[in-house]
Every structure is written in structure tokens, then in C-alpha cells.
Amino acid sequence: MTRAPHRMAAIEGASGASAQALLADAAVRWRNSGIRVVGLIAEEHSLPDRTCAAGFLRDIVSGARHSIYLAEPPRDTSCHLDASGAEKAAAALIGQIAACDLVVLSKFGKLEASGGGLVPAFTAAQAAGKPVLTAVSSLHCAAWRAFAPGAVALPPAAGALDDWWVSH
């Protein structure tokens, strides 16, 4: 599938919590200015003694929280990430995309690199011609670039997000 590079952008290399804060702040700012922003922001579970911070995906419009956290990780990993929770959150979001100006998706990570997670929301936004803003860690940059060749890489700064939105 060909994706328009100027319609997709990612904050690259920022830590999970700081990238999510940038995305959340931008979404609030833009919504307050009248831009119809929809999407999902990741929130950590804040449980002690866990190697995996997966917690929730919060819907920007409704505030609904979708759990993406498994109480017990699968035997072959210490990661508590619940792939089905991410897929359910993406499915719940898809109906909002047609009427929006911009889609903000928490990240392109391990699940998306393997074709799961929020990929249906990325694909629905692209099919609807909607711009997408996301985050990607350095671990998944190669998979992101393969998924969205030519997408804009943004530094982790509010001004860079605003500049991209104005110029996209």
C-alpha cells in the first residue's frame, strides 16, 4: 500500500512517557483551537516491579480507557502487553476517523511492526486521506520506515509538531 509521506509523521526516538505527553498536549491544544483530532494516547499502568509499562490506551474524544495490560505475561516473555486490547482500541477508534481532521496514534511499536496492534487504525486513516501523527522508538524505526516510507520524522518538541501540522 502506498502512503502519502506528508500525511504521516512520527516523533522518533523519544521515551514512551515523554512522547505520549507531547502527543497528548498537542491533541488538547489543537482540539481547543477547533481542529477535529481523534486518536489514542498511551498511559502507563504505574504498577511497581514490572518490566513492561503497557497499561491503557485512552480515546482522545471520549476519554474511554482500553486496557492493553495482561496481569500475567505469556510464559515466553516478561512483557505484559495485551495485543487484543490494542486491536480492540483500534477497532473502537475507526468509526471516528471519517469525520476528523487529524488522527493521533500513541505509537508504532512492537505490535504494529508485526502487522497488528493499531495497524487497522493507521490503515483506515490513510484510506480516508487523514494525516496521522504518532511516535516510534529507535527500536522500531526501520519497521516504521518500511510501513510509511517517506513519512516525516519529527524531533520530540512541541514546536516541531505544530510546524508539521501547519505545513502538512
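Owing to the predicted nature of the structure, the values given are computational and were not obtained by experimental measurement. Just so you know, these numbers use all the heavy atoms, side chains as well, and skip hydrogens, waters and symmetry mates.
Listed by chain and number, the residues in a side-chain contact (heavy atoms from CB on, under 4.5 Å) with A90 are L118, A121 (sequence neighbours excluded).
The two residues Q20 and A42 come nearest to each other via the heavy atoms OE1-N, 2.8 Å. Closest heavy-atom contact between I41 and A24: CD1-N, 3.8 Å. Counting all heavy atoms, side chain and backbone alike, L111 lies closest to A86 at CD1-CB, 3.8 Å. When every heavy atom of A125 is checked against every heavy atom of V132, the shortest pair comes out as CB-CG2, 3.4 Å.
T134 pairs in a side chain to side chain contact (heavy atoms under 4.5 Å, CB included) with only one of the listed residues (L105, I11, L154, V104), which is L105.
With values rounded to the nearest 0.5 angstrom, R7 atom CZ is found 9.5 Å from Q126 atom CD. For the atom pair CG of L57 and OG of S106, the computed distance is 4.5 Å after rounding to the nearest 0.5 Å. The line from NE2 of H66 to OG of S84 is 12.5 Å long, rounded to the nearest 0.5 Å. Taking CZ from F147 and NE2 from H140, the interatomic distance works out to 14.0 Å, rounded to the nearest 0.5 Å. From I68, atom CD1 reaches atom CZ of F56 across 9.0 Å, with rounding to the nearest 0.5 Å.
Under the 4.5 Å side-chain heavy-atom criterion for grouping Ile, Leu, Val, Met, Phe, Trp and Tyr, I60 is connected to I35 within one hydrophobic cluster. Hydrophobic clustering of Ile, Leu, Val, Met, Phe, Trp and Tyr side chains at less than 4.5 Å, counting indirect connections, unites L40 with V61.
Under the 4.5 Å side-chain criterion, counting only non-hydrogen atoms from C-beta, D25 is not in contact with W30. At least one side-chain heavy atom of E12 sits under 4.5 Å from a side-chain heavy atom of R145. Within the 4.5 Å cutoff, side-chain heavy atoms of L133 are placed close to those of L23.
Side-chain N or O atoms of Q96 include none that pairs as donor or acceptor with a backbone N or O of V38 at under 3.5 Å. The backbone N or O of D101 lies less than 3.5 Å from no partner atom in the side chain of K130, so there is not a single donor-acceptor pair. R58 places a side-chain N or O within donor-acceptor distance of the main-chain N or O of G63, the cut-off being under 3.5 Å. At least one donor-acceptor pair under 3.5 Å links the side chain of R36 to the backbone N or O of A99.
The pair R29-D162 meets the salt-bridge criterion, with a side-chain N (NZ, NE, NH1 or NH2) lying under 4.0 Å from an Asp/Glu carboxylate O.
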Derivation of the side-chain contact (heavy atoms from CB on, under 4.5 Å) call for W144 and E112: CA-CA 9 Å; W144 166 249; E112 293 73 24; over 6 Å; no
